[in-house]
Asks: 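Structure provided below as structure tokens; questions to follow.
Computed from a predicted model, the values in this text were never measured in an experiment.
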Amino acid sequence: MGLKQQLKSYRLQKGWTQKMLAEKLNVSDKTISSWETGRSYPDIALLLQLSELFQISLDEFLRGDTPTIKRIDRDLKVKKVYQRILITLVVAMVGLLIFFNVYQYRNQWVDRFNPFLALTTGYATLPAKVT
């Protein structure tokens with residue numbers, strides 16, 4: 001039996017409506033409906049709360065629904081990858097900001113591409129020897 005069927009059957013065994021279960025979990029009744037129809041699934045923290053409310057182990061709750069477990073696992077891995085990418089981008093942006101501010105007016109190659117350089121400064125190639 002899948003997670004959506006188990007969720008509905010355990011809820012009905014307790015005699016709860018979707019709204020009553022939603023209030024216990026601090027979610028909307030539409031969220032409970034989407035879980036029971038299979039459009040979405042609860043996150044790990046809510047799965048733990050559900051297993052406590054229904055007084056069953058998490059293993060027993062998830063045992064029959066292998067596709068949902070695989071989907072939850074995949075989503076968690078993707079979330080970690082996106083977090084790492086976001087952290088890397090933020091560190092790179094901060095590094096570029098510091099680099100451009102430290103080397104401003106010191107290196108002509110940096111200044112050519114420096115977006116923080118004041119607009120009053122212009123560039124011209126000066127001759128090596130002044131006559």
Asks: I'd like to check Leu53 versus Tyr10 (side-chain heavy atoms, cut-off strictly below 4.5 Å). Are they in contact?
Replies: no
Asks: Can you tell if the side chain of Lys79 reaches within under 4.5 Å of the side chain of Arg74, non-hydrogen atoms only?
Replies: no
Asks: Got a donor-acceptor contact below 3.5 angstrom from the Ser9 side chain to the Gln5 backbone?
Replies: yes
Asks: If the test is side chain to side chain donor-acceptor pair (under 3.5 Å), which one of Lys8, Glu36, Lys30, Glu23 qualifies with Gln18?
Replies: Glu36
Asks: For the residue pair Ile32 and Leu25, establish whether any side-chain heavy-atom pair is separated by less than 4.5 Å.
Replies: yes
Asks: With a 4.5 Å cut-off on side-chain heavy atoms, are Phe54 and Leu21 touching?
Replies: yes
Asks: Between CD of Gln6 and CG of Leu50, what distance do you get to the nearest 0.5 Å?
Replies: 11.0 Å
Asks: Tell me the closest heavy-atom pair linking Leu47 and Pro42, and the distance in Å.
Replies: CD2-CG, 3.5 Å
Asks: Members other than Val91 in its cluster, when Ile, Leu, Val, Met, Phe, Trp, Tyr link by side-chain heavy atoms under 4.5 Å?
Replies: Ile87
Asks: Check whether any side-chain heavy atom of Asp29 lies under 4.5 Å from a side-chain heavy atom of Thr17, and answer yes or no.
Replies: no
Asks: In the single-linkage hydrophobic clustering (I, L, V, M, F, W, Y; side-chain heavy atoms under 4.5 Å), do Leu96 and Leu89 co-cluster?
Replies: no
Asks: Decide whether Leu46 and Ile44 are clustered together by the hydrophobic rule: side chain heavy atoms of Ile, Leu, Val, Met, Phe, Trp, Tyr closer than 4.5 Å, transitively.
Replies: yes
Asks: Dump the intermediate steps for side-chain contact (heavy atoms from CB on, under 4.5 Å) on Arg39 and Ser33, then the final yes or no.
Replies: CA-CA 9 Å; Arg39 286 187 307 244; Ser33 175; 4.0 Å; yes
Asks: Got a sec, which residues hit side chain to side chain donor-acceptor pair (under 3.5 Å) with Ser40, two or more places apart in sequence or on another chain?
Replies: Ser34
Asks: Here's one to test your reading of the geometry: is the NZ or CZ of Lys4 within 45 degrees of the ring axis of Trp35 and under 6.0 Å from its centre?
Replies: no
